[in-house]
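All remarks here apply to the structure that follows.
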Amino acid sequence: MPQTVTIEPVTRIEGHARITIDLDDAGDVADAHFHVTQFRGFEKFCEGRPFTEMPALTARTCGICPVSHLMASSKACDELMAVQIPPTADMLRRVMNLAQLMQSHALSFFHLSSPDMLLGWDSDPLRRHILGVAAVKPDIARDGIRLRQIGQTIIDLLGGKRVHPAWMVGGGVNAPLTTDRRDEIAALAPEALEITKRNLAWFKRSLKDYTDEASCFANFPSLFLGLVDRNGALEHYDGVLRVVDADGHVLEDQIDPRRYTDILGEAVEDFSYMKFPYYKAKGYPEGMYRVGPLARLNLCDHAGTPVADQELAEFRSIQRGAVLSSFHYHYARLIEVIFAAERIAELVAKPEILDEHVRAKARPNRAEGVGVAEAPRGTLIHHYHIDKNGQIQQCNLIIATGHNNLAMNAGVKQVAQRFVSGKQLEEGALNRVEAVIRCFDPCLSCATHALGQMPMRIELRDATGSVVDEAVRD
Amino acid sequence: MARQKVPPTQALTLTIDDQTVTAKPGQTVMDVASEHGIDIPHLCYLDGLSIWGACRLCVVEVEGQRRLFSACSTEVAEGMVVSTDSPRLRHYRKVIVEMLFAERNHICAVCVSNGHCELQAMAQRLGVDHIHIPYLNPQLSVDSSHDRFRLDHHRCIVCTRCVRVCAEVEGASTKGMAGRGIMARIINDLNEPWGDSQTCTSCGKCVHVCPTGALVEKGTAAAEMQKRRQFLPYLTVMRDNNHD
Ligand code: SF4
């Protein structure tokens, strides 16, 4: 009898969701869906607000990556004001963006995903968390906690507040960096680099133990989208959009982010509140692409910092063309943290970082503004229209997790086909289904701009659609 | 109502919160209390402007009287025994502040006045941690038509400080009121967009006396709007002198 397995909630991801697995008559997986069942309407209540409030307002979309929203929103505001922000402000925003990348990747890798890798996907779920890791690998747990703390401390030193700093504004930032804070940041960056290097070393050594997972954790051809700088280097703050295919061929390059609608479409499916963006030239759903750390490393010509460049070369040797397994999001995250630590050190070593001219002031000078930045999870787009007095008329947010929506669904199906077989909900199989989603490190609150939290459940449904088994976890 | 000038020899004696204090005839309970370091909660009252007595936060108890008196508009009397704090007063004040929050849309975390707002500070001072009254969530407008300033009705508590400063100190009388009760709105001239006002001198006094994020300078981001009011007592005194 055909059945459906539903996994709800998916634990250790930000936000909540539900997975259903449809089984055919033979008890094999016929299809799988990743549902996002929360709805927020963030874009709607931004309407009518003064554009100058948008960075703070949209930062409230998410408690995990507020800095990314601040970044994209402030950039959209720069555009509305039609200003060139002072060079020091640009540098300071970059430092903050990289610190955000560091703390978010540390959270994803160490706190959320390392328990699977170090304790095993089949281990007791009650002990499979960062404290469980601390019991068997205290050094790794300590490193993860410290790395996240370094990222947060840098954000704190810049913005004065860890979560939701009000420091980033349209036109630049609202306070320059002081010498002693600069010195503190300069001291933290090398420590972050050392921590990440030693953890990347064990991760690479143990890759051979994860070949089964790597082979089926959303391991399929897809396109990749992200920012690169004008010279094709790894970029998180500014730059141009690039799309590459599974063979690593560049399909689009030097696309001004303002023109994102030329290359991206957004589809809607009735099983999820999360929209399904796709690459227009390939149509829907063939235009499936991935964003985030894996995509960025597949896209760029080089990283631009010494250690990250070495690691990137090694990463690329995994596979000809693009690295396709989403399991390697984890790998890519560590390389990006190395890049972040190196780049932060470079930026704060420049004397101009202390310049006091950090904000351009202007009234609204354009009716439309697009701000794009690479959030830890991928390309984040804020697009605003304002009236002549500067009040928002229309607002569109395309969130990193949204870009990955198609790929996450395909990934769930792939891993379910490998590890789930009908009639039984085995813990290890269910965890692998969840783990494939965690590879993408999705942030569902952002993606649906959702209010509150939703539980997540795994449902097993037969061909008639009735639930024959389910697993619910908090 | 300008304060009266009285010969210095006359003095009254009264009790405020068990302190025996002296005062001049014509002084209000608010004035005398503040001279003696007793800060009675208030929002519509602002030193330098006429008395309005609308917010009711400054209510005090007077011995021998059942009803409450607003300290800003009650003159002192010989032998008066005033209490500015009691469980009953604290309860009333909390409810008043809760009603102000429930009446409009105050989302402090994203407000330009966050951290520099008298309403927010009052809520903190009075220990308002929950709003027990259902929010009205009204659909309100934002007037950004003025070149430099913005009027955001979502954050207005209708204290009328702006109306008074505009008429009494600047002499422009641009700001006024329309509607009653929860429909009351601050308007410019005959309810025109602020930017079209022929009378507004763009002095910005209304912005700086506003206790909340309702009247703000444009271009400010969250938590950036800090009000400056030092000018007010100084200007009032100078204008009084000129009239003598
Ligand atoms: S005006 Fe004051 S109370 Fe209202 S939202 Fe702003 S900070 Fe909060």
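So you know, we letter chains A, B, ... as the sequences are listed, proteins then strands, and number each from 1.
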- prompt: Taking 4.0 angstrom as the limit, do B:R155 and A:E53 come out as a salt bridge?
  reply: yes
- request: Determine whether more than 12 heavy atoms belonging to other residues, nucleotides or ligands lie under 6.0 Å from atom NE2 of B:H36.
  value: yes
message: I need the minimum non-hydrogen distance between A:R359 and B:G219, along with the two atoms involved.
response: NH2-O, 3.5 Å
message: Using heavy-atom distances under 4.5 Å, tell me whether B:H154 contacts chain A through its side chain, its backbone, both, or neither.
response: side chain
- prompt: What distance do B:K218 atom NZ and A:N389 atom CG have between them, rounded to the nearest 0.5 Å?
  reply: 5.0 Å
message: Counting only non-hydrogen atoms closer than 4.5 Å, does B:D147 touch chain A with its backbone (N, CA, C, O), its side chain (CB onward), both, or neither?
response: both
Heavy atoms of other groups near B:Y92 OH, more than 12 under 6.0 Å: no
field: SB check B:E224 A:K361 (cutoff 4.0 Å)
entry: no
query: At a heavy-atom separation under 4.5 Å, does B:T220 approach chain A through its side chain, its backbone, both, or neither?
result: backbone
message: Around atom CD of A:Q84, are there more than 12 heavy atoms from other residues, nucleotides or ligands closer than 6.0 Å?
response: no
- line: So CE of B:M225 and OG1 of A:T52: to nearest 0.5 Å the spacing works out to 11.5 Å
- line: Between the CZ atom in A:R363 and the OG atom in B:S144, the distance rounded to the nearest 0.5 Å is 12.5 Å
- prompt: Do other residues, nucleotides or ligands put more than 12 heavy atoms under 6.0 Å from the NE2 atom of B:H130?
  reply: no
query: Looking at B:V142 and A:R49, what are the two nearest heavy atoms and their distance?
result: CG2-NH1, 3.8 Å
message: Measuring from atom CZ of A:F45 to atom CG of B:N105, what distance do you get when rounded to the nearest 0.5 angstrom?
response: 11.5 Å
field: Among the listed options B:S145, B:C111, B:A221, the residue most often paired with chain A at heavy-atom distances under 4.5 Å
entry: B:S145
